[in-house]
**Q** 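Quick one: structure below, then a few questions.
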Amino acid sequence: MDPYTGLAYLSCGSLNARQRWLHPDDEYDMSFESEADHIYVMDENDTYSEIRAMEMSNNGSLQPFSQGLRLHGFDIYWDPNDPRDMTFILVNHQVAHGAVSIFSYNRGSDHMVHVETVRSDLLHSPNNILAMSKRAFYATNDMAFTKGFMRTISSNTRLPDGHVVYHSDGGEFSVAASNIRYPNGIAKHNGWIYVASCTDPGVQIYKEDTRGTLSFCGRIVYDDGIPDNIFVDPENGHLYSTMFLKAKESHKFFRNPSLNTTKLAGTKIVRLIQRDHPSSGFDIESLLIDSGELMPSATIAAIQRRNQIQRMLVGCVMCDFLVVCESIT
């Protein structure tokens with residue numbers, strides 16, 4: 001969500017392809033990949049347009065991005081001197097290796113230009129991104145194992161083998177925080193960094209000691225759901241967190257993303273309101289509880305403010321629609 005304009009940016013792709021790369025134990029079948037994923041921009045009237053992914057050719061002209069583009073979590077960095085100068089930092093599930101692709105974008109343009117795609121052995125299972133500059137970012141690695149029996153063991157036994165990695169402006173990778181049970185969404189506000197932990201349900205709170213090093217400061221415990229992504233409202237610092245109410249049913253839905261697959265998974269969206277200080281805790285307010293009729297399993301909720309309109313947009317990694325909640329105060 002663009003804090004300057006209220007425009008919403010969405011990563012979208014083919015459900016047939018997405019349900020296959022989302023489950024790395026499955027053999028990836030390229031025949032399901034009819035086209036690359038896309039970034040769209042949407043205003044308050046639900047009018048949307050594509051931002052095309054481009055790259056520079058050897059002769060300096062623009063051409064379509066030639067690498068695979070399988071989008072998951074992403075974040076945007078706004079240049080503090082010119083917020084029209086934006087950098088998209090995107091988790092890109094390339095077939096051979098997890099990667100992060102970085103694109104430059106000028107607000108209002110119909111295309112973004114590839115800057116670089118970075119890979120590392122430390123970036124083995126990227127899930128989401130927190131942009132810190134035009135090159136620097138934090139990324140959550142949800143598990144230590146990309147596929148196979150040990151990934152199943154890790155998930156079923158809730159091993160604390162996930163971590164947050166840091167990519168510096170100089171291009172180096174390092175581990176910023178470790179021993180996290182399935183870290184997923186990541187966001188920041190006023191120097192505090194929040195990481196959703198799926199299999200130890202709650203939100204971990206960190207402070208950045210030095211750039212690239214996070215110190216654990218506490219956690220917010222969830223007792224009735226499993227968190228996915230986190231959105232921080234830049235206007236007031238409130239955290240918005242989507243939760244799976246029935247993990248097994250959500251898993252079934254992600255395997256077969258159809259509204260007829262299951263209406264039992266359910267979603268809960270909560271707003272976390274910080275007290276005087278994060279160490280003093282948060283007040284948790286339920287905004288939406290849905291049995292699965294509205295959306296089988298929501299994975300992100302964000303506040304959009306634009307032209308006197310304030311509303312909450314709710315999305316899902318495996319849904320081909322958004323839910324719009326018009327009255328959020």
**Q** Tell me yes or no: between the side chains of Thr5 and Asp2, is some donor less than 3.5 Å from an acceptor?
**A** yes
**Q** Between Leu69 and Tyr105, is there a shared hydrophobic cluster once you connect ILVMFWY residues whose side-chain heavy atoms come closer than 4.5 Å?
**A** yes
**Q** Identify the residue among Asn92, Val165, Leu90, Leu123 that makes a side chain to side chain contact (heavy atoms under 4.5 Å, CB included) with Val100.
**A** Leu123
**Q** Any ring-ring contact (aromatic ring centres under 6.0 Å, His included) involving residues 219-248? Give me the pairs, sequence neighbours left out, ordered by first then second residue.
**A** Phe244-Phe254
**Q** Counting distance only, does the side-chain N/O of Thr117 pair as donor-acceptor with the main-chain N or O of Ser101 below 3.5 Å?
**A** no
**Q** Among all residues two or more places apart in sequence or in another chain, which pass the side-chain contact (heavy atoms from CB on, under 4.5 Å) test with Leu322?
**A**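 Leu10, Met42.
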**Q** Listed by chain and number, what are the salt bridge (charged side-chain N to carboxylate O under 4.0 Å, His left out) partners of Asp43, not counting sequence neighbours?
**A** none
**Q** So, Glu208 versus Tyr138: side-chain donor-acceptor pair below 3.5 Å or not?
**A** yes
**Q** If we ignore hydrogens and angles and just use 3.5 Å, is the side chain of Ser178 paired with the main-chain N or O of His163 as donor and acceptor?
**A**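 No, the answer is negative, given that no donor and acceptor are paired below the 3.5 Å cut-off.
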**Q** Would you tell me whether Ser133 and Asp169 have side-chain atoms, one donor and one acceptor, within less than 3.5 Å of each other?
**A** yes
**Q** Testing the 3.5 Å rule here: is there a donor-acceptor pair between the side chains of Asn59 and Ser57?
**A** yes
**Q** For Phe103 and Phe65, what are the C-alpha separation, side-chain angles and deciding distance, and is it a ring pair (Phe, Tyr, Trp, His ring centres under 6.0 Å)?
**A** CA-CA 10 Å; Phe103 289 82; Phe65 184 55; 5.1 Å; yes
**Q** Mark yes or no for whether Asp75, through its side chain, and Phe88, through its backbone, hold a donor-acceptor pair below 3.5 Å.
**A**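 Not a single qualifying donor-acceptor pair exists.
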**Q** Does Asp233 come within less than 4.0 Å of Arg305, counting only side-chain N to carboxylate O?
**A** yes
**Q** I need the single residue from Arg311, Gln308, Arg306 that forms a side chain to side chain donor-acceptor pair (under 3.5 Å) with Glu44. Which is it?
**A**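 Option passing the side chain to side chain donor-acceptor pair (under 3.5 Å) with Glu44: Arg306.
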**Q** Once rounded to the nearest 0.5 Å, what's the spacing between atom CZ of Arg70 and atom CG of Asp37?
**A**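 Separation between the atoms: 8.0 Å.
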**Q** Spell out, yes or no, whether Val195 and Ile205 are grouped together once hydrophobic residues are joined by side-chain heavy atoms under 4.5 Å, including indirect joins.
**A** no
**Q** Name all residues meeting the salt bridge (charged side-chain N to carboxylate O under 4.0 Å, His left out) criterion together with Lys134; count only those two or more places apart in sequence or in a different chain, and write none if there are none.
**A** Asp79, Asp85
**Q** Ser297 side chain to Ser250 main-chain N or O, any donor-acceptor pair under 3.5 Å?
**A** no
**Q** At what distance, to the nearest 0.5 angstrom, does NZ of Lys207 lie from CG of Leu214?
**A**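 One gets 11.5 Å once the value is rounded to the nearest 0.5 Å.
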**Q** Treating Asp82 as the side-chain partner and Arg84 as the backbone partner, does any N or O pair qualify as donor plus acceptor under 3.5 Å?
**A**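 Looks like yes, one N/O pair under 3.5 Å.
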**Q** Using the rule that Ile, Leu, Val, Met, Phe, Trp and Tyr join whenever any side-chain heavy atoms are under 4.5 Å apart, tell me whether Val314 and Leu287 fall into a single cluster.
**A** yes
**Q** If the condition is side-chain contact (heavy atoms from CB on, under 4.5 Å), which residues does Asn127 pass it with, not counting sequence neighbours?
**A**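 Per chain and number, Asn127 pairs via side-chain contact (heavy atoms from CB on, under 4.5 Å) with His72, Thr140, Asp142, Tyr182, Asn184.
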**Q** When you check the side-chain N and O atoms of Ser66 and Glu55, is any donor under 3.5 Å from an acceptor?
**A** yes
**Q** Looking only at heavy atoms, what is the nearest atom pair of Ile129 and Gly73, with distance?
**A**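 Taking Ile129 first and Gly73 second, the nearest heavy atoms are CG1-O, 4.2 Å.
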**Q** When you measure from the side chain of His167 to the backbone of Arg135, do you find a donor-acceptor pair of N or O atoms at a distance under 3.5 Å?
**A**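 A pair under 3.5 Å: yes.
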**Q** Has the side chain of Asp290 got a donor or acceptor atom that lies under 3.5 Å from a matching backbone atom of Gly266?
**A**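 Pair absent, no side-chain N/O of Asp290 close to backbone of Gly266.
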**Q** How long is the span from the SG atom in Cys12 to the CG atom in Leu71, to the nearest 0.5 Å?
**A**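 So the gap between those two atoms works out to 9.0 Å.
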**Q** To the nearest 0.5 Å, how far apart are NE2 in His189 and CD1 in Ile230?
**A**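 Taking NE2 in His189 and CD1 in Ile230, the distance rounds to 13.5 Å.
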**Q** Using 0.5 Å steps for rounding, measure from the OH atom of Tyr9 to the CZ atom of Phe74.
**A**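 Between atom OH of Tyr9 and atom CZ of Phe74 there are 9.5 Å.
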**Q** Which residue pairs pass the ring-ring contact (aromatic ring centres under 6.0 Å, His included) test when at least one of the two sits in residues 283-315, sequence neighbours left out?
**A**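 Checked against ring-ring contact (aromatic ring centres under 6.0 Å, His included) - neighbours excluded - no pair reaches residues 283-315.
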**Q** Measure the spacing between CE of Met54 and OG of Ser109 and express it to the nearest 0.5 Å.
**A** 9.5 Å
**Q** Apply the side chain to side chain contact (heavy atoms under 4.5 Å, CB included) test between Arg52 and each candidate in His111, Met112, His38; give the one that qualifies.
**A**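 Exactly one option meets the side chain to side chain contact (heavy atoms under 4.5 Å, CB included) with Arg52, and it is His111.
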